[in-house]
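Here's the structure, in structure tokens; my notes come after.
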Amino acid sequence: QVQLVESGGGLVQAGESARLSCVASGSIFGVSAMRWYRQAPGKQRELVAALTPGGSTNYADSVKGRFTISRDNAKNTVYLQMNSLKPEDTAVYYCNMWFLRNEYWGQGTQVTVSS
């Protein structure tokens, strides 16, 4: 069925940028809402960014102005561009897809921002 595969995580320095990718299998990507979540050590999972099929976006206050979510329907891929990274951005980032009442998750990718 549907599988989400993430990439782009790694170790970066504060102030630098990184770009996460999430490739989805299946045929429902173009009509699905996409989200990026993250979970930092000792913290609750939080919604970072969301993108509807129609192009509407929503961001957590902590990343607004620094992060950008986008999608390429031809490639079944959603991206998270992360600029001006801070140590507090360190977390496991998860790709999430919603279609009607169905929800799918990626495996998560570690982003570590060093100070």
Side-chain angles (χ1 to χ4, degrees):
Q1 291 188 346
V2 173
Q3 184 179 19
L4 305 180
V5 180
E6 303 172 5
S7 62
L11 176 64
V12 297
Q13 287 187 293
E16 294 183 342
S17 299
R19 182 182 176 91
L20 305 181
S21 299
C22 174
V23 181
S25 64
S27 61
I28 63 174
F29 179 84
V31 293
S32 300
M34 303 299 301
R35 295 179 175 184
W36 286 97
Y37 287 84
R38 71 183 181 186
Q39 186 167 21
K43 293 186 177 181
Q44 196 169 217
R45 184 189 65 183
E46 65 173 338
L47 176 64
V48 177
L51 176 64
T52 70
S56 298
T57 59
N58 197 15
Y59 298 93
D61 289 340
S62 59
V63 306
K64 192 174 182 64
R66 299 188 297 119
F67 289 13
T68 302
I69 185 172
S70 62
R71 69 198 299 161
D72 186 337
N73 289 341
K75 297 181 178 180
N76 272 26
T77 302
V78 62
Y79 305 95
L80 184 66
Q81 178 67 43
M82 305 182 293
N83 298 328
S84 302
L85 283 164
K86 305 174 181 179
E88 49 264 44
D89 294 320
T90 296
V92 178
Y93 285 73
Y94 297 93
C95 178
N96 173 267
M97 183 172 71
W98 282 93
F99 178 70
L100 299 180
R101 294 184 179 182
N102 298 313
E103 184 180 20
Y104 308 92
W105 290 88
Q107 79 285 356
T109 183
Q110 176 71 44
V111 176
T112 302
V113 184
S114 64
S115 60

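Only this structure's heavy atoms are used, side chains among them; waters, hydrogens and symmetry mates stay out.
Residues Trp36 and Asn96 form no side-chain contact, since every pair of their non-hydrogen atoms from C-beta on lies 4.5 Å or further apart. Between Val111 and Leu20 the shortest side-chain heavy-atom distance falls below 4.5 Å. Annotation: side chain of Ile28 is in contact with side chain of Val2 (closest heavy-atom distance under 4.5 Å). Side-chain contact between Phe29 and Met34 is present, with at least one heavy-atom pair separated by less than 4.5 Å. With contacts defined as side-chain heavy-atom distances shorter than 4.5 Å, the pair Leu80/Arg19 does not qualify. Side-chain contact between Tyr79 and Thr77 is present, with at least one heavy-atom pair separated by less than 4.5 Å.
Taking Ile, Leu, Val, Met, Phe, Trp and Tyr as members and joining any whose side-chain heavy atoms lie under 4.5 Å apart, directly or through other members, the hydrophobic cluster of Trp105 also contains Tyr37, Leu47, Val92, Tyr94.
Annotation: side chain to side chain donor-acceptor pair (under 3.5 Å) contacts involving residues 47-62, sequence neighbours excluded, comprise Arg38-Ser62. Every pair tested for salt bridge (charged side-chain N to carboxylate O under 4.0 Å, His left out) that includes a residue from residues 67-86 fails, sequence neighbours excluded, so the list is empty. Counting only residues at least two apart or in different chains, disulfide bond (SG atoms under 2.5 Å apart) contacts with residues 50-115 comprise Cys22-Cys95.
Closest approach of Ser70 to Val78, counting heavy atoms only: O-CG2, 3.1 Å. Nearest approach of Pro53 to Gly30, heavy atoms of both residues: CB-O, 3.7 Å.
Side-chain N/O atoms of Gln107 and Thr109 include no donor and acceptor closer than 3.5 Å.
Not counting sequence neighbours, the partners of Arg66 by the salt bridge (charged side-chain N to carboxylate O under 4.0 Å, His left out) test are Asp89.
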Can you give me every donor-acceptor pair (side chain of residues 8-18, partner residue at least two apart or in another chain, under 3.5 Å) with its distance?
| unit_1 | atom_1 | unit_2 | atom_2 | d |
| --- | --- | --- | --- | --- |
| Glu16 | OE1 | Gln13 | N | 3.1 |
| Ser17 | OG | Asn83 | OD1 | 2.9 |

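When the side chains of ILVMFWY residues are joined at heavy-atom separations under 4.5 Å, either directly or via intervening members, Val23 and Trp98 end up in two distinct hydrophobic clusters.
Between the side chain of Asn76 and the backbone N or O of Ala24 there is at least one donor-acceptor pair closer than 3.5 Å. Judged by distance alone, the side chain of Glu6 and the main-chain N or O of Gly108 form a donor-acceptor pair under 3.5 Å.
Taking CG from Leu4 and OG from Ser32, the interatomic distance works out to 9.0 Å, rounded to the nearest 0.5 Å.
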